[in-house]
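What you are looking at is a predicted structure, and each value in this text was computed from that prediction instead of being measured. Within every chain, numbering begins at 1; the chains are lettered A, B, ... in the order of the sequence lines, protein sequences first and strands thereafter.
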2 protein chains.
Amino acid sequence: MPTDDLSVTFAALADPTRRAILARLADGEATVNELAAPFEMSLQAISKHLKVLERAGLISRSREAQWRPCRLETEPLETATAWIEQYRDLARDRLDRLDQEIRKITQKKEGHDHE
Amino acid sequence: MPTDDLSVTFAALADPTRRAILARLADGEATVNELAAPFEMSLQAISKHLKVLERAGLISRSREAQWRPCRLETEPLETATAWIEQYRDLARDRLDRLDQEIRKITQKKEGHDHE
DNA sequence: TCCATAATCAACTAGAAAGTTAATTAACTA
DNA sequence: TAGTTAATTAACTTTCTAGTTGATTATGGA
């Protein structure tokens with residue numbers, strides 16, 4: 001299993017239960033039981049999912065009496081989008097340049113056709 | 001293993017070798033051997049990574065004689081960033097509102113202090 | 001103190017992921 | 001046709017993941 005930050009972040013996002021938990025947390029803090037409520041699976045399974053999210057830095061947990069409220073942390077989300085966008089943009093630029101080349105060639109050809 | 005599109009995309013991105021392959025492809029098409037060259041692992045392993053990327057729709061492959069050039073496909077990258085940004089923005093907005101509330105309360109308190 | 005609640009830890013299982021080597025397919029080349 | 005190159009498929013191993021149940025820890029309340 002890769003252990004670099006980006007891999008850990010993407011791996012954490014690669015599960016619908018964990019993404020649903022993050023979506024819920026975008027609305028505000030919640031306890032483990034609250035987060036577990038919508039799902040069929042056991043509380044222990046949710047606890048494990050939270051551990052994965054915490055390890056990825058996507059959530060943080062405090063302590064209030066016997067509750068451990070979770071909150072969303074956006075920093076790894078920034079890093080993840082930054083990575084994706086970098087290569088999306090590079091690919092886009094390259095395609096734009098290709099497109100321009102094709103246009104140039106096509107225009108030249110059309111010019112010759114008309115003369 | 002979850003099989004929904006987003007999970008498949010994020011899982012594909014959760015590996016440094018695969019991300020390096022995508023980074024290379026942002027520069028333009030490449031064959032399997034070209035993509036494999038920078039890595040220590042076997043060609044077969046790279047072939048498997050490419051299969052994962054293809055299944056996620058992150059690359060497409062054509063055929064030219066005995067070569068199968070790979071190209072980057074950006075559509076799943078868009079979907080992935082869209083998901084992330086949605087919840088990042090929701091969380092950001094919520095924090096902004098919280099911040100305003102705190103400011104209001106602090107200003108009221110300060111007002112009273114000075115009267 | 002005793003009990004209930006919130007959550008985690010421990011041990012286990014089934015299935016998936018990532019790598020290996022060996023064999024196979026497909027296309028070009030002499 | 002025989003040989004070479006590009007790439008995939010097959011079989012196998014090791015390690016990790018995601019879930020289970022049962023036991024344990026930590027806190028608060030009667």
(request) State whether K51(B) and E54(B) are salt-bridged, where the test is any N-O pair (Lys NZ or Arg NE/NH1/NH2 against Asp/Glu carboxylate O) under 4.0 Å. (result) no
(message) With a strict under 4.0 Å distance from non-hydrogen atoms of chain A, what nucleotide opens and what nucleotide closes the contacted stretch of DNA chain D, reading 5' to 3'?
(response) dC16(D) to dG28(D)
(message) Using a 4.0 Å cut-off on heavy atoms, which residues in residues 19-31 of chain A reach DNA chain C? List them by number, or say none.
(response) T31(A)
(message) In this structure, would I59(A) and V52(A) fall into the same cluster of hydrophobic residues linked by side-chain contacts under 4.5 Å?
(response) no
(message) To the nearest 10°, give me the bend of the helix from dT1(C)-dA30(D) to dA30(C)-dT1(D), comparing the axes of its five terminal pairs at either end.
(response) 10°
(message) Starting from L25(B), can I reach V8(B) by hopping between I/L/V/M/F/W/Y residues whose side chains sit under 4.5 Å apart?
(response) no
(request) For DNA chain C, determine which residues of residues 60-67 of chain B have any heavy atom closer than 4.0 angstrom to one of its atoms, and list them numerically. (result) R63(B), A65(B), Q66(B)
(request) Do nucleotides 13-19 of chain C as a string where each nucleotide becomes B, S or -: B if the base has a protein heavy atom under 4.0 Å, S if just the sugar-phosphate does, - if no protein is that close. (result) ---SSSB
(message) Count I, L, V, M, F, W, Y as connected when their side-chain heavy atoms are under 4.5 Å apart, and connections chain through other members. Are L35(A) and M41(A) then in the same cluster?
(response) yes
(request) Answer yes if L53(A) and F39(A) sit in the same cluster of Ile, Leu, Val, Met, Phe, Trp and Tyr residues linked by side chain heavy atoms under 4.5 Å apart, and no otherwise. (result) yes
(request) Using atom types as modelled and distance alone, determine if a side-chain donor or acceptor of R61(B) lies under 3.5 Å from a backbone N or O of R68(B). (result) no
(message) Between S7(A) and T3(A) (side chain of the first, backbone of the second, donor and acceptor by atom type, cut-off under 3.5 Å), is there such a pair?
(response) no
(message) Over 60° means perpendicular and under 30° means parallel, so tell me whether W83(A) and F10(A) are parallel, tilted or perpendicular.
(response) perpendicular
(request) Determine yes or no for a side-chain-to-main-chain donor-acceptor pair under 3.5 angstrom, with T74(A) supplying the side chain and L77(A) the backbone. (result) no
(request) Tell me whether L50(B) is reachable from W67(B) by hopping between hydrophobic residues (I, L, V, M, F, W, Y) whose side-chain heavy atoms are closer than 4.5 Å. (result) no
(message) Holding to side chain to side chain donor-acceptor pair (under 3.5 Å), I want the full list of residues that pass it with D99(A), two or more places apart in sequence or in another chain.
(response) R103(A)
(message) Nearest 0.5 angstrom please: R88(B) CZ to D93(B) CG, how far?
(response) 10.5 Å
(message) Working to the nearest 0.5 angstrom, can you tell me the gap between I21(A) CD1 and L58(A) CG?
(response) 11.0 Å
(request) Report the distance from atom CZ of R94(B) to atom CZ of R71(A), rounding to the nearest 0.5 Å. (result) 7.0 Å
(request) For R19(A) and L13(A), indicate whether the former's side chain and the latter's backbone hold a donor-acceptor pair under 3.5 Å. (result) yes
(request) Hey, which sits more toward the 5' end of DNA chain D by its nearest nucleotide, Q44(B) or R68(A)? (result) Q44(B)
